[in-house]
Amino acid sequence: MGIKIKQAKTEDSAFLAQMILQSSRAGKKDGLFDLLFATNDNATILKRLENLTKTDAKSHCHFSNFLLAELDGKLVGTLCSYEPRISNKESFIAALSEIGCSDENEALEVMYICDFNLNNRTLIFDFMEELEGFIDVGVLKALMQKSLLTARLKGYRIAQTMIEIGSLESALFYKKMGFREVQHKECELYREKFGRSGMSLMSIEF
């Protein structure tokens with residue numbers, strides 16, 4: 001059976017939480033949500049992320065922004081795509097408030113210190129992840145191809161993504177799909193918290 005791509009629903013929130021956490025850590029001991037929720041307890045973080053995907057505020061973590069990859073009836077990967085005019089800093093803070101998190105949080109400063117001035121006519125990709133054991137079977141490529149097709153049908157011609165500087169595998173994948181680096185920011189606070197020097201903005205025209 002081939003890879004099936006489908007739109008995420010609220011009942012997929014537990015899997016989305018797992019992939020969001022995996023993506024945010026990206027090989028690091030601590031990721032954004034460890035810092036944001038002030039804990040390394042996976043169960044606590046995953047529960048809060050589940051709730052974050054289902055808030056009324058349409059943050060970039062909202063389930064409606066995600067496509068899922070399914071193989072042999074099992075969910076194996078995710079790719080989030082969102083419009084920065086809708087899923088922005090304000091909507092993220094509103095979503096955090098809904099699940100009981102204060103916006104007076106150092107993690108938010110770290111998150112946005114390496115931010116870029118995104119064009120509202122650009123579609124943003126995030127949380128591109130696959131389960132361990134399903135690497136190299138075409139999961140991410142299928143998700144990306146479907147996302148780019150959907151973006152084109154919506155009238156978008158440019159898509160961008162932000163990856164950590166030094167994330168070599170992610171950078172290589174995006175370059176294979178036709179993305180190129182257009183900007184990068186090195187941030188001392190980001191390096192201090194996560195051990196990575198900053199963020200890279202990659203872009204594709206299609």
query: CD1/I204 to CG/L148 distance, rounded to the nearest 0.5 angstrom?
result: 5.5 Å

statement: Taken to the nearest 0.5 Å, the spacing of F66 CZ from T78 OG1 works out to 6.0 Å

message: Filter on disulfide bond (SG atoms under 2.5 Å apart), then keep only pairs touching residues 153-206, sequence neighbours left out; what's left?
response: C114-C187

Side chain E205, main chain R157, donor-acceptor under 3.5 Å: no

pair K29-N40: side-chain heavy atoms closer than 4.5 Å: yes

task: Report yes if the side chains of E90 and N88 come closer than 4.5 Å at any heavy-atom pair, otherwise no.
output: yes

Any donor-acceptor N/O pair, N51 side chain to R48 backbone, under 3.5 Å: no

task: List the atom of F92, the atom of S59, and the distance in Å for their closest heavy-atom pair.
output: CA-CB, 3.7 Å

query: When rounded to the nearest 0.5 angstrom, what distance separates CD1 in I158 from OG in S203?
result: 5.5 Å

- request: Could you tell me whether R121 atom CZ has more than 12 heavy atoms of other residues or ligands within 6.0 Å of it?
  value: no

Any donor-acceptor N/O pair, Q22 side chain to E130 backbone, under 3.5 Å: yes

message: I need the single residue from L32, L36, L35 that forms a side chain to side chain contact (heavy atoms under 4.5 Å, CB included) with L108. Which is it?
response: L36

query: Does R25 come within less than 4.0 Å of D34, counting only side-chain N to carboxylate O?
result: yes

Enclosure of K54 NZ (heavy-atom neighbours >12, cutoff 6.0 Å): yes

query: Would you say M162 and D115 make side-chain contact, with heavy atoms under 4.5 Å?
result: yes

query: If only atom types and distance count, is the side chain of D41 paired as donor or acceptor with the main-chain N or O of T44 below 3.5 Å?
result: yes

- prompt: Does E192 reach the side chain of V110, with side-chain heavy atoms less than 4.5 Å apart?
  reply: no

field: pair D126-I20: side-chain heavy atoms closer than 4.5 Å
entry: no

message: Would you say S200 and E181 are linked by a side-chain donor-acceptor pair, where the criterion is simply a distance under 3.5 Å?
response: yes

- request: Check the surroundings of atom CG in N117: do more than 12 heavy atoms from other residues, nucleotides or ligands lie under 6.0 Å from it?
  value: no

message: On the six-membered ring of F116, is K185 placed so that its NZ or CZ lies under 6.0 angstrom from the centre and within 45° of the ring axis?
response: yes

field: Minimum heavy-atom distance between F125 and T161, given as atom pair plus value
entry: O-OG1, 2.9 Å

Carboxylate-amine/guanidinium contact K6 E70, below 4.0 Å: yes

query: So H60 and F127, would you call those rings parallel, tilted or perpendicular, with 30° and 60° as cut-offs?
result: parallel

message: Go through it in stages, so that I can follow the logic: the residues are E164 and K28, the test is salt bridge (charged side-chain N to carboxylate O under 4.0 Å, His left out), and I'd like the CA-CA distance, side-chain angles, deciding distance and then a yes or no.
response: CA-CA 11 Å; E164 290 179 322; K28 307 184 297 293; 3.0 Å; yes

- request: Return the minimal non-hydrogen interatomic distance between I3 and I5, and the atom names on each side.
  value: CG2-CD1, 3.9 Å

- request: Taking the six-membered ring of Y112 (Phe, Tyr or Trp), confirm whether the NZ or CZ of K89 is under 6.0 Å from its centre and within 45° of its axis.
  value: yes

field: From CD (Q18) to CG (N42), nearest 0.5 Å
entry: 10.0 Å

message: So for atom CD, which belongs to E132, do other residues, nucleotides or ligands contribute more than 12 heavy atoms lying within a distance under 6.0 Å?
response: no

- line: One should read off an interatomic distance between L67 CG and C80 SG, to the nearest 0.5 angstrom, of 9.0 Å

- request: Please name the pair of heavy atoms, one in L123 and one in S81, separated by the smallest distance, quoted to 0.1 Å.
  value: CD2-CB, 3.9 Å

- request: Calculate, to the nearest 0.5 Å, the distance between atoms CG and CE belonging to L143 and M128 respectively.
  value: 9.0 Å

- prompt: Nearest heavy-atom pair of M202 and K175: which atoms, and what distance?
  reply: CE-CG, 3.7 Å

Passing candidate, side chain to side chain contact (heavy atoms under 4.5 Å, CB included) with L75, options L131, L68, L16: L68

query: Can you name the nearest heavy-atom pair linking D30 to F194, along with the distance?
result: O-CD2, 3.5 Å

